[in-house]
Peer 1: 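Sharing a structure here in structure tokens format.
Since we're looking at a predicted model, the values are computed, not measured.
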Amino acid sequence: MAPLRVLCIHGYRQTGASFRDKTGALRKLLKKQVELVYLSAPHCVQQASSEEAPDKDSAPGPGPGPGGDEDPRGWWFSDIQARSFSAQQQCEESLGLDESVTVVREAVKVRGPFDGILGFSQGAAFVAMLCSLQEQKLEPEFSFRFAILVAGFRSACKEHQKFYSAPLQIPSLHVFGLEDRVIPDNMSRELLPSFQDPQLLTHPGGHFVPAASAHRQSYQDFLKSFQ
């Protein structure tokens, strides 16, 4: 049985390469079922200011320390002037989302097809938007059959509310940590009504993609209907 191909969308201040490093345990856990393909966001992110909470994966892993990844990237900015992002920041309009949609569209054309899409933190919020574009038939290249959203949330930006107008039909698995300090679990729960029949995997940890053997069954149960 050929593995499912899943496009992976990293968090804010990460890159495709750093997210690949951070999800080594997940790749190992699901290697018979899934091929994970990683994409980097188009927007360079400046050095973190003290009030900006990065999407740092709190699980141990290789790569630079707390200062952030090499060449950190983002999918959009909530503060247009500062070119920065915070999941909690209310804003009228954002910067950079259209370019990020274009990057995903090109990846689907060149590196696809993909069975599903997985996102982490800002990447998971972006995945919800991509699924909305797919269901509104605004992106004919997209044909994702499922979505996995890890530490996802609803964008607080006013111009993004159009993505939440109707519950999405795409099968979705929502994964979040009950001790997440970057995206608290109540923010992830607020995203659930945007999906028709969301499935849940909660874990007792923080801001990372869980991939312990205890989580294998939840992932496999969700994925098996697409194989």
Peer 1: Can you find a heavy atom in the side chain of Ser78 that is under 4.5 Å from one in the side chain of Phe85?
Peer 2: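 Ser78 reaches Phe85 side chain to side chain.
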Peer 1: Can you name the closest pair of heavy atoms from Gln88 and Val182 and give their distance?
Peer 2: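 Looking at all heavy atoms of both residues, the shortest contact is NE2-O, 3.7 Å.
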Peer 1: Would a 4.5 Å heavy-atom cut-off, applied to side chains only, mark Cys91 and Lys158 as touching?
Peer 2: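 No, every pair of side-chain atoms sits at 4.5 Å or beyond.
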Peer 1: For Ala41, is there any backbone N or O sitting under 3.5 Å from a side-chain donor or acceptor partner on Arg73?
Peer 2: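 Looks like yes, one N/O pair under 3.5 Å.
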Peer 1: Heavy atoms only: give me the nearest Leu26-Pro210 pair and the separation to one decimal.
Peer 2: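 Leu26 and Pro210 have their closest heavy atoms at CD1-O, 4.2 Å.
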Peer 1: Any side-chain heavy-atom pair from Arg5 and Val37 closer than 4.5 angstrom?
Peer 2: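 Counting from C-beta outward, Arg5 and Val37 do come under 4.5 Å.
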Peer 1: Do you reckon Ile80 sits in the same ILVMFWY cluster as Tyr12, going by side-chain contacts under 4.5 Å, direct or chained?
Peer 2: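 Both belong to a single hydrophobic cluster.
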Peer 1: Please find the pair of heavy atoms, one from Ser225 and one from Phe222, that lie closest to each other, and give the distance.
Peer 2: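 Minimum heavy-atom contact is OG-O, 3.5 Å.
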Peer 1: With sequence neighbours excluded, tell me which residues meet side-chain contact (heavy atoms from CB on, under 4.5 Å) with Leu200.
Peer 2: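 If we apply the side-chain contact (heavy atoms from CB on, under 4.5 Å) test to Leu200, skipping adjacent residues, the hits are His174, Phe176, Arg189, Leu192.
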Peer 1: Can you name the nearest heavy-atom pair linking His203 to Gly206, along with the distance?
Peer 2: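 That would be CE1-O, 3.4 Å.
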Peer 1: Is there a side chain to side chain contact (heavy atoms under 4.5 Å, CB included) between Val127 and Ile117? Walk through the geometry before answering.
Peer 2: CA-CA 7 Å; Val127 163; Ile117 186 166; 3.8 Å; yes
Peer 1: Is there a side-chain contact between Cys131 and Ile170, using heavy atoms and a 4.5 Å cut-off?
Peer 2: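 They are in contact (side-chain heavy atoms under 4.5 Å apart), so the answer is yes.
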Peer 1: Taking the side chain as every heavy atom from C-beta outward, state whether Ile183 and Ser188 have any pair of such atoms under 4.5 Å apart.
Peer 2: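 When only atoms from C-beta onward are counted, Ser188 and Ile183 do touch, with a gap below 4.5 Å.
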Peer 1: Would you please name every residue forming a ring-ring contact (aromatic ring centres under 6.0 Å, His included) with Phe77, sequence neighbours left out?
Peer 2: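 Scan of Phe77 (ring-ring contact (aromatic ring centres under 6.0 Å, His included), adjacent residues dropped) gives His43.
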Peer 1: Checking Arg13 side chain against Gln46 main chain: does a donor-acceptor pair fall under 3.5 Å?
Peer 2: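 Between the backbone of Gln46 and the side chain of Arg13 there is a qualifying donor-acceptor contact (under 3.5 Å).
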Peer 1: Specify the closest pair of heavy atoms between Phe19 and Ile9, including all atoms of both residues, with the distance to one decimal.
Peer 2: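 In this case the closest contact between Phe19 and Ile9 is CE2-O, 3.9 Å.
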Peer 1: Give every donor-acceptor pair under 3.5 Å between a side-chain atom in residues 142-157 and any protein atom, sequence neighbours left out.
Peer 2:
unit_1 : atom_1 : unit_2 : atom_2 : d
Arg145 : NH1    : Asp115 : OD1    : 2.8
Arg145 : NH1    : Phe226 : O      : 3.3
Arg145 : NH2    : Phe226 : O      : 2.6
Arg154 : NH2    : Gln161 : OE1    : 2.9
Ser155 : OG     : Cys157 : N      : 3.1
Ser155 : OG     : His160 : ND1    : 2.7

Peer 1: Answer yes or no: is there a donor N or O on one side and an acceptor on the other, between the side chain of Glu35 and the main chain of Leu4, under 3.5 Å?
Peer 2: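 Side chain of Glu35 to backbone of Leu4, a donor-acceptor pair under 3.5 Å: no, none is there.
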Peer 1: When rounded to the nearest 0.5 angstrom, what is the spacing between CD in Gln196 and CD in Glu135?
Peer 2: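 Interatomic distance, Gln196 CD to Glu135 CD, rounded to 0.5 Å: 9.0 Å.
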Peer 1: Measuring from atom OG1 of Thr23 to atom CG of Leu36, what distance do you get when rounded to the nearest 0.5 angstrom?
Peer 2: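 Here the interatomic distance stands at 6.0 Å.
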Peer 1: Calculate, to the nearest 0.5 Å, the distance between atoms NE2 and CG belonging to His10 and Leu39 respectively.
Peer 2: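 One finds 7.0 Å between NE2 of His10 and CG of Leu39.
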Peer 1: Please name all residues satisfying ring-ring contact (aromatic ring centres under 6.0 Å, His included) with Tyr219, sequence neighbours left out, ordered by chain then number.
Peer 2: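 Here no residue qualifies.
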Peer 1: Roughly how far, to the nearest 0.5 Å, is CG of Leu223 from CG of Leu173?
Peer 2: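 Going from CG on Leu173 over to CG on Leu223, the span is 8.0 Å.
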Peer 1: Can you find a heavy atom in the side chain of Ser218 that is under 4.5 Å from one in the side chain of His215?
Peer 2: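 No; the side chains remain at least 4.5 Å from each other.
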Peer 1: Side chains of Ser172 and Gln199: donor-acceptor distance under 3.5 Å anywhere?
Peer 2: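 Ser172 vs Gln199: no donor-acceptor pair found between side chains.
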Peer 1: Would you check if the side chain of Gln14 reaches a backbone N or O of Pro72 as a donor-acceptor pair within less than 3.5 Å?
Peer 2: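 A pair under 3.5 Å: no.
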Peer 1: Taking the side chain as C-beta and beyond, is there a heavy-atom pair between Ser86 and Asp79 under 4.5 Å?
Peer 2: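 Answer no - side chains too far apart.
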Peer 1: Salt-bridged, Glu179 to Arg181, with N to O below 4.0 Å?
Peer 2: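 Looking at Arg181 together with Glu179, the answer is yes, because their closest N to O distance falls below 4.0 Å.
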Peer 1: Rounded to the nearest 0.5 Å, how far apart are CZ of Phe126 and CH2 of Trp76?
Peer 2: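 Here the rounded value is 8.0 Å.
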Peer 1: Under the side chain to side chain donor-acceptor pair (under 3.5 Å) rule, what pairs show up with a residue in residues 98-113, not counting sequence neighbours?
Peer 2: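 Pairs touching residues 98-113 that pass the test: Arg105-Glu139.
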Peer 1: Looking at Ser40 and Gly16, would you say the former's side chain and the latter's main chain have a donor-acceptor pair under 3.5 Å?
Peer 2: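 Yes, because the side chain of Ser40 sits within donor-acceptor range (under 3.5 Å) of the backbone of Gly16.
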Peer 1: Between Val110 and Val101, is there a shared hydrophobic cluster once you connect ILVMFWY residues whose side-chain heavy atoms come closer than 4.5 Å?
Peer 2: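 No; Val101 is not reachable from Val110 via cluster members.
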Peer 1: Give a yes or no on this: more than 12 heavy atoms of other residues, nucleotides or ligands lie within 6.0 Å of atom CZ of Arg20.
Peer 2: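 Not buried by this count: 12 neighbours or fewer within 6.0 Å.
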Peer 1: Compare every heavy atom of Asp71 with every heavy atom of Cys44, then report the nearest pair and how far apart it is.
Peer 2: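 Reported closest heavy-atom pair: SG-OD1, 3.9 Å.
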Peer 1: Rounded to the nearest 0.5 Å, what separation is found between the CZ atom of Arg27 and the CG atom of Asp21?
Peer 2: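 Reported value, rounded in 0.5 Å steps: 7.5 Å.
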Peer 1: Who passes salt bridge (charged side-chain N to carboxylate O under 4.0 Å, His left out) against Glu190, sequence neighbours left out?
Peer 2: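 Checked Glu190 against salt bridge (charged side-chain N to carboxylate O under 4.0 Å, His left out); zero matches.
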